[in-house]
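Chain A is the first sequence line, chain B the second, and so forth, proteins listed ahead of strands; every chain is numbered from 1.
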Amino acid sequence: MGFRPAPGARGRSRERHADPARRRELGQRGRRGRAAVPRLGRRRPRAVRVRRAAARRGPSRRHVTGRSPTCANPGRLAVMERTLERIPPKSADLSEWYQAACYQAELVSQAPVRGCLVLRPYGYGLWERLQAELDRRFKETGHENAYFPLLIPESLLTREAEHVEGFAPEVAWVTEGGSEKLTERLAIRPTSEVIIGVMYAEWIQSYRDLPVLINQWANVMRWEKRTRPFLRTAEFLWQEGHTAHATEQEAAEEVARMLEVYREVAEDVCAVPVYKGEKSSSERFAGANHTYSIEALMPDGRALQSATSHELGQNFARAYDITFAAEDQTQQHAWTTSWGMSWRMLGALIMTHGDDRGLRIPPRMAPVEVVIVPIPRGDTTALDAAAKSLHEQCKAAGLRVRLDDRPGQSPGYKFNEWDMRGVPIRLELGNRDLEAGVVTLVRRDKAVKEDGQKQQVPLNEIVAFIPTMLEQIQHNLFAQAKTFLQDHTIATLDRDEFIRLLKERAGMIDVPWCGDPACEVAVKDATGATTRNLRQPARAERCVPCGEPARYQAYFAQSY
RNA sequence: CGGGAUGUAGCUCAGCUUGGUAGAGCGCUGCGUUUGGGACGCAGAAGUCGCAGGUUCGAAUCCUGUCAUCCCGACCA
């Protein structure tokens, strides 16, 4: 990715100008080699729109426009046409819509490092909300936070054979320190089972030391070939829980407990409905005995794994000597687990709820729950005071509120901007409202001019009214997403229909399945889809893809 | 890793075929008028044309190499 100065960062261009060395460095990387950042909702002049629309239609565009097509980047044209023509983006091209939404809402910026993401303040605000909700639940279930090193010596990493093999293609290595070549390479952690396992071996001596219940908030790195904001990035933020237990039963309970925490955060906080289940053997975490996941369904019919929880059995305990003296005087290996949710969950939230105007953030996740936009006209003395007072009252009530009193932008501009950024409630306050003693409340979850989008609320009731409205919005967004998931979950016992639905990317296709990896590969070759997760028992005797005896009920879908 | 495409102002792009003083719209800065769903006027700032070689009196433009990014595939606990 090329260097991309943050647009709108004041003084940035002067800074570049003043520093020739910096400029040279940037120049070598290429200043413009990066994705187009399409705009949402901003219309260009008609002539431009028409030309671009024509240009996209196909090979005949030369005749239509009289211009050579060779200079145009078709990808960029596609992006622009979509946003300009206001084709429903989520049905036309979710991927382009998604990238536009992320950049335009100022959640993220591309970094001058391949595959890495800059999380801007508004995006970090989302992440902080997710962190807060998860962290509270981790504490409630008895976990403590700790931090382990970023770097893992190669000799330690290679001890658990299956684990190494699984991650080998994605590991980034540190080979030099200062000017000296290292005698042993250091892996930048792709996950921390190894380094944590090594420490647990030191800490755990007796059954009295168990269970160990630790969570780590961290960044990890996986050398991905293709990246997209939040969904797949080389470096990403997540949390990883790592626990050690005396018995397999306890470890299994822990894994189930944390999977339920993830379901709750996804559904009740992010308003993203998910399916819980176990991963098939081919989708399992490298080195785990069982991997469980929550799976969400995106509007394009592809599934998104939103969190995982792993039963590691005694595999890591054996590889890293995590042993303890049991009550019966025997020396035993501990049973370990790990579980994680990353900022990918934010990607799920964005795609699930967004609409043609940009993001729609569920209130419980919104960095800004309420934005106040004053409508100045004539003498604004009284209005300014009223707006400030309203702002203070909201803050005092514990709301995450922002007063947008920027003088340079028109109210209409602000409406669109905050719509794009997904703020759940907008309060408009103008002289008309003041005279009537009301404030105009606008819900982001409703379409423009939809029934109930705007309503007048008496000024002296508004602060008490907002929490109720936020809850309504939260539930409405979840209900919409839930309906979509249900409408696109299709159970079938017919093999031809099964294949057809997967090819059409119709959603979560729910069928009895044998569990054989070869069967899964055959389905993937035919359709591009794999199992997302499984549960028991099967609802019929025969596996729908291959006809062998069925052991599971499986959701099949193409995935991100 | 394979196939395709693109690098010119903060953004989107024109200019390149046919070499000759670097362009537009949006954004940005200042002033004024405005403001209930993306306001308007005037003035202004801003780019060693991705990078390195080469050809030439002269290169954004022609040639070679290189780097980066995007799209499609492969890969992806």
Engineer: Measuring from the side chain of Arg232(A) (C-beta onward, heavy atoms only), which nucleotide among U35(B), C76(B), G37(B) has the closest atom?
Structural biologist: C76(B)
Engineer: Watson-Crick or G-U wobble partner for G73(B), using a 3.5 Å limit on both distances?
Structural biologist: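 Checking every strand shown, G73(B) finds its partner in C1(B), with both distances under 3.5 Å.
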Engineer: Tell me: OH of Tyr98(A) to P of C71(B), nearest whole Å?
Structural biologist: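 Taking atom P of C71(B) as the reference, OH of Tyr98(A) is at 13 Å.
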Engineer: Think Arg421(A) forms a cation-pi with Tyr122(A), using NZ or CZ under 6.0 Å from the six-ring centre and within 45 degrees of its axis?
Structural biologist: yes
Engineer: Taking the side chain of Glu224(A) as heavy atoms from C-beta outward, which of C76(B), G36(B), C71(B) is closest to it?
Structural biologist: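 Among the listed nucleotides, the one closest to the side chain of Glu224(A) is C76(B).
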Engineer: A45(B) and C31(B): how far apart are their C1' atoms, nearest whole angstrom?
Structural biologist: 15 Å
Engineer: Looking at every strand, decide which applies to Lys454(A) at a 4.0 Å heavy-atom threshold: base, sugar-phosphate, or nothing.
Structural biologist: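 Contact class for Lys454(A): base.
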Engineer: With a 3.5 Å cut-off and heavy atoms only, can you find an N or O donor on one side and an acceptor on the other between the side chain of Asp433(A) and the base of G36(B)?
Structural biologist: yes
Engineer: Which is true for Val442(A) with a 4.0 Å heavy-atom rule: it touches a base, it touches only sugar-phosphate, or it touches nothing?
Structural biologist: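 Answer is base: heavy atoms of Val442(A) come under 4.0 Å of a base.
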Engineer: Mind checking the C1' distance from A52(B) to U18(B)? Whole angstroms is fine.
Structural biologist: 27 Å
Engineer: Could you check how far CZ of Arg532(A) sits from C1' of C76(B), rounded to whole Å?
Structural biologist: 11 Å
Engineer: What distance, rounded to whole Å, do you find between the two C1' atoms, one in G41(B) and one in U34(B)?
Structural biologist: 11 Å
Engineer: Do any side-chain nitrogens or oxygens of Gln104(A) fall under 4.0 Å of OP1 or OP2 in G27(B)?
Structural biologist: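 No, because none of the side-chain N or O atoms of Gln104(A) sits under 4.0 Å from OP1 or OP2 of G27(B).
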Engineer: Figure out the CD/C1' separation between Glu235(A) and C76(B), and round it to whole Å.
Structural biologist: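 For the pair Glu235(A) CD and C76(B) C1', the rounded distance is 18 Å.
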Engineer: Checking Arg228(A) against Tyr98(A): charged group under 6.0 Å from the ring centre and within 45 degrees of the axis?
Structural biologist: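 No, Arg228(A) and Tyr98(A) do not form such a contact.
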Engineer: When all nucleic acid strands are considered with a 4.0 Å heavy-atom cut-off, which category describes Glu283(A): base, sugar-phosphate, or nothing?
Structural biologist: sugar-phosphate
Engineer: Across the strands shown, which category fits Arg228(A) at heavy-atom distances under 4.0 angstrom: base, sugar-phosphate, nothing?
Structural biologist: nothing
Engineer: What is the distance, to the nearest angstrom, from the CZ atom on Arg120(A) to the C1' atom on G10(B)?
Structural biologist: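 It works out to 12 Å between those atoms.
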Engineer: Starting at atom OH of Tyr103(A), determine the distance to atom P of C11(B), rounded to an integer number of angstrom.
Structural biologist: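 Going from OH in Tyr103(A) over to P in C11(B) covers 13 Å.
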Engineer: Take Phe230(A) and Trp343(A), measure what ring-ring contact (aromatic ring centres under 6.0 Å, His included) needs, and give me the verdict at the end.
Structural biologist: CA-CA 6 Å; Phe230(A) 296 123; Trp343(A) 69 19; 5.8 Å; yes
Engineer: Toward the 5' end of RNA chain B, which comes first, Pro190(A) or Glu417(A), by nearest nucleotide?
Structural biologist: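 Closest to the 5' end, via its nearest nucleotide, is Glu417(A).
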Engineer: Is it the case that G37(B) (base atoms only) and Gln453(A) (side chain only) share a donor and an acceptor within less than 3.5 Å, ignoring hydrogens and angles?
Structural biologist: yes
Engineer: Is any side-chain N or O of Ser410(A) under 3.5 Å from a base N or O of G37(B), one able to act as donor and the other as acceptor?
Structural biologist: no
Engineer: At 4.0 Å (heavy atoms only), tell me whether Gly430(A) reaches a base, stays on the sugar-phosphate, or touches nothing.
Structural biologist: base
Engineer: Could you tell me how the ring of Phe285(A) sits relative to the ring of Phe167(A): parallel (under 30°), tilted (30 to 60°) or perpendicular (over 60°)?
Structural biologist: perpendicular
Engineer: With a 3.5 angstrom cut-off on both distances, give the Watson-Crick or G-U wobble partner of C40(B), or none if there isn't one.
Structural biologist: G32(B)
Engineer: Taking the side chain of Asp419(A) as its heavy atoms from C-beta onward, which of G36(B), G38(B), G37(B) lies nearest to it?
Structural biologist: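 Taking heavy atoms from C-beta onward, the closest nucleotide is G37(B).
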Engineer: Determine the interatomic distance between C1' on G47(B) and the same-named atom on C70(B); round to the nearest Å.
Structural biologist: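 It works out to 23 Å between them.
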Engineer: What is the distance, to the nearest angstrom, from the CZ atom on Arg406(A) to the P atom on G38(B)?
Structural biologist: 15 Å
Engineer: Just by distance, with hydrogens left out, do Asn533(A) and Glu278(A) show a side-chain donor and acceptor under 3.5 Å apart?
Structural biologist: no
Engineer: Please name the nucleotide paired to U55(B) by Watson-Crick or G-U wobble geometry with both distances under 3.5 Å, or report none.
Structural biologist: none
Engineer: Please give, in whole Å, the distance from G36(B) C1' to Leu429(A) CG?
Structural biologist: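 Distance, rounded to whole Å: 11 Å.
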Engineer: Looking for any heavy atom pair under 4.0 Å, which part of the strands does Thr440(A) touch: base, sugar-phosphate only, or nothing?
Structural biologist: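 Contact class for Thr440(A): base.
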Engineer: Students often get this wrong, so: under 4.0 angstrom with heavy atoms, is Gln456(A) touching a base, only sugar-phosphate, or nothing?
Structural biologist: nothing
Engineer: Can you find a donor-acceptor N/O pair under 3.5 angstrom joining the side chain of Arg426(A) to the base of G37(B)?
Structural biologist: yes
Engineer: Would you mind telling me which of U35(B), C75(B), G36(B) lies closest to the side-chain atoms of Pro376(A)?
Structural biologist: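 Shortest atom-to-atom distance from the side chain points to U35(B).
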Engineer: Could you check whether the rings of Phe556(A) and Trp513(A) sit parallel, tilted or perpendicular, using 30° and 60° as the cut-offs?
Structural biologist: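 Phe556(A) and Trp513(A): perpendicular rings.
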Engineer: Answer with yes or no whether the side chains of Thr530(A) and Arg532(A) bring together a donor and an acceptor at under 3.5 Å.
Structural biologist: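 Note: Arg532(A) and Thr530(A) side chains meet the donor-acceptor criterion.
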Engineer: Can you tell me, in whole Å, how much space there is between the C1' of A9(B) and that of G44(B)?
Structural biologist: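 Each nucleotide's C1' atom is 15 Å from the other's.
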Engineer: If the C1' atom of G50(B) is compared with that of G58(B), how far apart are they to the nearest Å?
Structural biologist: 23 Å
Engineer: Please check if any side-chain donor atom of Ser192(A) sits under 3.5 Å from a side-chain acceptor atom of Glu240(A), or the reverse.
Structural biologist: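 Looking only at side-chain atoms, Glu240(A) and Ser192(A) do form a donor-acceptor pair, the distance falling under 3.5 Å.
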Engineer: Distance check, C1' atoms only: U17(B) and U12(B), in whole angstrom units.
Structural biologist: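 Here U17(B) and U12(B) have their C1' atoms 24 Å from each other.
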Engineer: Between Pro169(A) and Thr380(A), name the one whose nearest nucleotide on RNA chain B is closer to the 5' end.
Structural biologist: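 Result of the comparison: Thr380(A).
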Engineer: Out of G37(B), C76(B), U35(B), which nucleotide sits closest to the side chain of Arg357(A)?
Structural biologist: G37(B)
Engineer: Return the pairing partner of U61(B) with a 3.5 Å limit on both distances, Watson-Crick or G-U wobble; otherwise return none.
Structural biologist: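 For U61(B), the partner nucleotide comes out as none, under the 3.5 Å rule.
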Engineer: What does U66(B) pair with, Watson-Crick or G-U, if both distances are under 3.5 Å?
Structural biologist: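 Across any shown strand, U66(B) pairs with G50(B).
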Engineer: Using atom C1' in both nucleotides, what's the gap between C16(B) and G32(B) to the nearest angstrom?
Structural biologist: 42 Å
Engineer: Where the side chain of Tyr413(A) is concerned, which of G37(B), G36(B), A39(B) is the nearest nucleotide?
Structural biologist: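 Selected nucleotide: A39(B).
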Engineer: Take the protein atom CD of Gln409(A) and the nucleotide atom P of C40(B), then report the distance between them rounded to whole Å.
Structural biologist: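 Rounded to the whole Å, the gap is 14 Å.
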